[in-house]
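One structure below.
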Amino acid sequence: MTGESADKSSEERNTDPSAEEATDASPYVGTGLLDEAMGPSSAMAHLYRGEIHRMKLWRERLDKTTNWAVVVIAAIVTWAFSSPDNPHYIILIGVATLVVFLLIEARRYRGYDIWRTRVRTIQENVWAYGLDPDGGLADEAWRQHLGEDYRTPTVKITAEEAVAHRLRRVYLPLFVVLLAAWLVRITVFSPRDWIGAAAVGMVPGAVVVGVVAACYVVGAVVALRPRTWHAEAELRTEDLRKRR
C-alpha cells in the first residue's frame, strides 16, 4: 500500500500543470491585473513598493547635494560682492567647489539610476500592461533581465553621462551664474582693465581667462554633445497635449 501511494504521488507530480508553469513562467504577468476578481500579487506589490522606497531615498540624496551646492555658491557670491577689497578669485574657488558637488551628485545619480531602472521595468511590463493589455509589453524578456539585475546589480550609465544629466538638469545654469558674477566682478567692480584684473597672484590675467574659458567649453561639450542616452526613462522631452 505504501508503494502504491508513493507511485501515485510521483505520477501526480509529473502531471501537475503548475509544475510546468513554474518552469516556464509567462512574461504576461500583468494580464487581468486590475480586474475585480484579481489583484496584484502580494510579492510583486511589495517588491514594487520596496524599489520605489529605494529610489525615493536616492532621489533625496541627489536633492541634498544640489541644495548644499546652491547654498555654498550663494554664500560665496554674496561675500565676493560685499566689499570691493574682497578678491575676485573667491568666485573661481566657488566654481571649483561646484565641480566637486557635481562629481558627487553624478556618482549618486548612477546609483539612483539602478533603482529607477527596476521601477520602470515593473511599471512598463506589469502595471502598464495590466492597465492596457492591448499596448503589449515593453520587453518580453523583462523577467530575465530583472532577475539578472537582482543577481548582479550593476550601474547602467557611464560617469560622463551622469555628469551630463546633472549639468543639464541643475549645474549648467549654476556655472553660468558664477561665470557672470566673475565677469561682473573683474569688469564693473575693478578700476583696471578686465584682463589685468583677472590675474591671480603671479598668474597673468590672460592665463586665468584662458583656463576658465577652456573649462567652460569642456563642460558645455559634455552637457550638450549628441549622444545615445542610456538612463532609463529620463525625462528629456515634453509631450504637450491640447486639452479640450
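Remember, it's a predicted structure, so these values are computed and weren't measured experimentally.
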### Message
Do Trp58 and Ile114 have side chains that approach each other closer than 4.5 Å (heavy atoms only, starting at C-beta)?
### Response
no
### Summary
Students should find that the hydrophobic cluster of Val100, defined by side-chain heavy atoms under 4.5 Å apart, otherwise consists of Ile104
## Note on the structure
Distance col, row Leu224:CG vs Arg168:CZ, nearest 0.5 angstrom, shows 6.0 Å
### Task
Determine whether Val71 and Leu178 fall in the same hydrophobic cluster, where Ile, Leu, Val, Met, Phe, Trp and Tyr are linked whenever their side-chain heavy atoms lie under 4.5 Å apart.
no
### Message
Using side-chain heavy atoms (C-beta onward) and a distance below 4.5 Å, is Leu174 in contact with Ile73?
### Response
yes
### In one Ile/Leu/Val/Met/Phe/Trp/Tyr side-chain cluster, 4.5 Å: Val221, Val170
no
### Query
Rounded to the nearest 0.5 Å, what separation is found between the CD1 atom of Ile122 and the CE atom of Met44?
6.0 Å
#### Entry: Row check, Tyr109 ring normal vs Arg61 NZ/CZ: under 6.0 Å, within 45°
no
Which pairs would a plain distance check flag for residues 201-211, meaning a side-chain donor or acceptor within less than 3.5 Å of a matching protein atom at least two apart in sequence or in another chain?
none

### Query
side chain to side chain donor-acceptor pair (under 3.5 Å) with Arg108: which residues, sequence neighbours excluded?
Thr65
### Summary
Scanning both residues in full, the closest heavy-atom pair of Leu167 with Gly219 reads CD1-O, 3.7 Å
### Task
Give a yes or no on whether a salt bridge exists between Glu60 and Lys56, defined as a side-chain N under 4.0 angstrom from a carboxylate O.
yes
### Query
Any side-chain heavy atom of Leu98 sitting closer than 4.5 Å to one from Leu102?
no
### Message
Using every non-hydrogen atom in the two residues, find where Ala162 and Ala106 come nearest and quote the distance to one decimal.
### Response
CB-O, 3.5 Å
### Task
Working to the nearest 0.5 Å, report the span between CG of Asp149 and CH2 of Trp142.
13.0 Å
### Summary
On a heavy-atom basis, the closest approach of Ala164 and Val222 is CB-O, 3.3 Å
### Query
Between Val176 and Val70, is there a shared hydrophobic cluster once you connect ILVMFWY residues whose side-chain heavy atoms come closer than 4.5 Å?
no
### Task
Flag the pair Asp113 and Arg110 as a salt bridge only when some basic side-chain nitrogen lies within less than 4.0 angstrom of an acidic carboxylate oxygen.
no
### All ring pair (Phe, Tyr, Trp, His ring centres under 6.0 Å) counterparts of Tyr48, not counting sequence neighbours
Trp127
### Query
Does the side chain of Arg143 come within less than 4.5 Å of Asn125's, by heavy atoms?
no
### Query
Can you tell me if Tyr171 and Glu105 form a side-chain donor-acceptor pair at under 3.5 Å?
yes
### Side chains of Met55 and Glu51 in contact at under 4.5 Å (non-hydrogen atoms)
no
### Task
Enter the distance from Ile91:CD1 to Trp182:CH2 here, rounded to the nearest 0.5 Å.
9.0 Å
### Message
Per the side chain to side chain donor-acceptor pair (under 3.5 Å) rule, what does the pair list look like for residues 73-83, sequence neighbours excluded?
### Response
Ser82-Asn86
### Message
Measuring from atom CG of Leu179 to atom SG of Cys215, what distance do you get when rounded to the nearest 0.5 angstrom?
### Response
11.0 Å
#### Entry: Any pair counted as side chain to side chain donor-acceptor pair (under 3.5 Å), so long as it reaches residues 206-226, sequence neighbours left out
Glu160-Arg225
### Query
Is the NZ or CZ atom of Arg227 both under 6.0 Å from the centre of the six-membered ring of Trp229 and within 45° of that ring's axis?
yes
### Message
Hydrophobic clusters here meaning ILVMFWY residues chained together by side-chain heavy-atom distances under 4.5 Å, can you tell me if Val177 and Phe175 are in one?
### Response
no
### Nearest-0.5 Å distance that lies between atom CZ in Arg185 and atom CD1 in Ile90
11.0 Å
### Message
Do Tyr150 and Arg118 have side chains that approach each other closer than 4.5 Å (heavy atoms only, starting at C-beta)?
### Response
yes
### Query
Is there side-chain contact between Tyr112 and Leu57, with at least one heavy-atom pair below 4.5 Å?
no
### Message
Could you check whether any side-chain heavy atom of Ile93 comes within less than 4.5 Å of a side-chain heavy atom of Tyr89, counting everything from C-beta outward?
### Response
yes
